[in-house]
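By convention in this document, chain letters (A, B, ...) are assigned in the order of the sequence lines, proteins followed by strands, and residues within each chain are numbered from 1.
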Amino acid sequence: MDSYFSILFNEVYKILFLLVPVLVSVAMIVWLDRRVWAFVQKRRGPNVVGPFGLFQSLADALKYIFKEIIIPASSNKLVFVLAPVVTMTLALISWAVIPFDEDFVLADINVGILYLFAVSSLGVYGIIMGGWASNSKYPFLGAIRSAAQMVSYEVSIGVIIINVLLCVGSLNLSDIVMAQQNLWFVIPLFPMFVIFFISALAETNRPPFDLPEAEAELVAGYQTEYSGMMYAMFWLGEYANILLMCAMGSVLFLGGWLSPIDIFPFNAVPGPFWLIFKILFLFILFALVKATVPRYRYDQLMKLGWKIFLPFSLFYVVLTSSFLLYFDLLPGK
Amino acid sequence: MIAHSVFFYIFSLIAIVSAVMVTVSKNTVHSVFFLILDFISISCLFIMIGAEFLGMIMLIVYVGAVAVLFLFVVMMLNVAEQKGQWFSSRWDGGTHIPVGLLVSLIIFFELIIVIGGWKYKPDLLNSLSINISTEVTNTRSIGNVLYTDYILLFQISGMILLVAMIGAIVLTYRERAGVKRQSYVKQISRERDEGVDLVEAERNKGVKIDA
């Protein structure tokens with residue numbers, strides 16, 4: 001029995017060691033997002049609380065904690081309370097499989113990439129539950145939009161993942177990174193990287209695909225009826241998901257923890273830092289897109305997902321596999 | 001192994017209870033939520049017996065896609081509140097109970113046949129080239145079997161799904177007149193001459209547009 005408890009305590013300590021930095025960086029990333037957004041528009045952004053306004057998110061969090069949680073009388077109360085919990089839990093559990101360095105990963109499972117894909121496809125439930133349980137028109141419309149959008153773009157993300165897996169021959173995330181030692185997949189699979197990036201924007205409901213919470217049409221979409229800490233949990237979950245998509249992009253295409261060139265000043269930097277740099281790079285791209293691109297119309301969004309991305313990525317699967325087969329480069333033989 | 005069996009019983013209990021709740025709960029949306037819970041706990045059971053690929057595919061396909069569409073349809077059709085004739089005191093001789101009993105009887109006999117077939121499993125397996133080793137991951141071994149011994153069945157099932165998909169599209173497709181569609185090609189290839197028309201307007205008469 002003692003051994004069970006020791007396993008339990010060891011794992012809890014490891015999980016906390018992973019989750020606390022993730023949550024802190026989510027708070028910081030919100031600040032970064034607002035700052036980048038402001039700089040693009042020649043504003044200053046949050047710069048008052050703490051040095052450079054770094055503590056702005058903490059102040060916001062404090063405000064959310066002390067606000068009253070309002071549960072609408074006609075809502076479905078259990079589902080209404082569960083929705084933000086589901087969103088946040090799903091956003092956090094997927095970090096378990098992200099490899100920060102060789103042998104520096106919480107759960108080194110065989111089907112890591114499938115796990116990531118599965119958990120991110122579950123993320124839609126938090127939104128649907130929130131929208132439905134609010135029992136109000138705007139949240140419901142937002143939830144319906146979001147469900148259709150996330151299911152559509154998941155399909156093309158799945159096909160893009162197949163492209164990468166064809167080059168790796170394993171579903172393990174560490175194997176995927178190790179397969180990029182000589183050449184990051186962003187070079188041979190560059191079109192797939194672009195499509196992955198755009199699909200990740202749609203999957204996380206970021207602008208220009210933020211139709212589920214389009215403030216001009218739907219107030220705040222599925223979050224309309226939420227307040228206080230429950231709203232903050234939606235918000236944390238959303239940003240944790242964005243970070244996760246950036247991490248997924250860096251593991252799949254940008255070589256994870258590997259340094260860009262394997263020579264002295266670069267390979268002396270520890271792996272986790274490289275991964276963090278890559279995540280930040282992708283995140284700043286996310287923020288720049290948010291600041292510069294106008295929102296899509298809903299039919300344009302669906303057309304882009306089903307009529308352009310899906311056929312093109314399927315075509316690329318055929319291209320990649322025929323290339324690998326013809327030049328006898330198929331892995332795992 | 002104690003922890004293992006504890007987790008097994010937790011997941012199977014959740015699976016059975018939520019499967020019952022799918023049929024019992026009066027709110028259809030709740031039924032779908034229980035169905036999702038059922039799928040998730042079953043995929044946990046799959047993972048526990050070491051079939052991690054099947055468990056993840058279960059999550060991706062059933063929970064991530066199929067159940068979302070269920071939820072979508074149930075929410076859109078607005079059938080949230082069932083009348084609850086199952087458990088109401090006066091049962092109006094509903095027609096779905098005999099049919100339900102028939103279907104469950106058929107499934108029960110099918111299960112008996114399948115479990116009976118286990119007796120002949122060694123004979124069936126010997127005719128194939130299945131070589132289960134603990135060294136390769138089960139993703140790879142499933143692929144090895146699926147794309148060699150069962151390639152024909154695999155492709156036929158793919159064709160059936162394709163036909164079903166096309167059938168659904170054909171059934172629901174209707175040509176609507178007067179729908180304005182956006183064509184990027186048309187928009188981009190528009191020249192100045194088509195868009196701008198310089199007219200000499202007569203005094204006090206104006207110009208008639210959209211003629």
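Considering CG of A:L171 and CZ of B:F53, their distance stands at 7.0 Å, rounded to 0.5 Å. Considering CD of B:Q182 and CD of A:Q300, their distance stands at 5.0 Å, rounded to 0.5 Å. Here the OH-CD1 distance, from B:Y184 to A:I308, works out to 6.0 Å after rounding to the nearest 0.5 Å. How far CG of A:L165 is from OG1 of B:T139: 10.0 Å, rounded to the nearest 0.5 Å. Atoms CE and CD1, from B:M56 and A:I113 in turn, are 11.5 Å apart once rounded to the nearest 0.5 Å.
A:F80 CZ: more than 12 foreign heavy atoms inside a 6.0 Å radius. Annotation: B:E191, atom CD; neighbour count of heavy atoms from other residues, nucleotides and ligands within 6.0 Å does not exceed 12. Annotation for A:F234: atom CZ counts as buried by contact number, over 12 foreign heavy atoms lying within 6.0 Å. Within a 6.0 Å sphere centred on CZ of A:F117, other residues, nucleotides and ligands contribute more than 12 heavy atoms. Annotation: A:Y298, atom OH; neighbour count of heavy atoms from other residues, nucleotides and ligands within 6.0 Å is above 12. Other residues, nucleotides and ligands contribute only 12 or fewer heavy atoms inside 6.0 Å of the NZ atom of A:K137.
Taking all atoms of both residues into account, the shortest heavy-atom contact from B:G64 to A:S121 is CA-OG, 3.7 Å.
Using a 4.5 Å cut-off between heavy atoms, B:I36 touches chain A through its side chain atoms alone. Only the side chain of A:L122 has a heavy atom closer than 4.5 Å to any heavy atom of chain B. Looking at A:V79, only its side chain comes within 4.5 Å of chain B, counting heavy atoms on both sides. Both the backbone and the side chain of A:I128 have a heavy atom closer than 4.5 Å to some heavy atom of chain B. Heavy-atom distances place no part of A:A143 under 4.5 Å from chain B, backbone and side chain included. Only the side chain of A:N76 comes within less than 4.5 Å of a heavy atom of chain B; its backbone N, CA, C and O stay farther away.
Of the possible polar contacts, none joining the B:R140 side chain to the A:S170 backbone as a donor-acceptor pair under 3.5 Å is found.
Heavy-atom pairs under 4.5 Å with chain A peak, among B:L71, B:V63, B:L69, B:I57, at B:V63.
Considering only heavy atoms from C-beta on, B:V68 comes within 4.5 Å of A:Y125 through its side chain. No side-chain heavy atom of A:Y115 sits under 4.5 Å from any side-chain heavy atom of B:E52.
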Would you give me the side-chain donor-acceptor pairs under 3.5 Å for residues 155-171 of chain B, sequence neighbours excluded?
from   : atom 1 : to     : atom 2 : distance (Å)
B:S157 : OG     : B:L153 : O      : 3.1
B:S157 : OG     : B:F154 : O      : 2.7

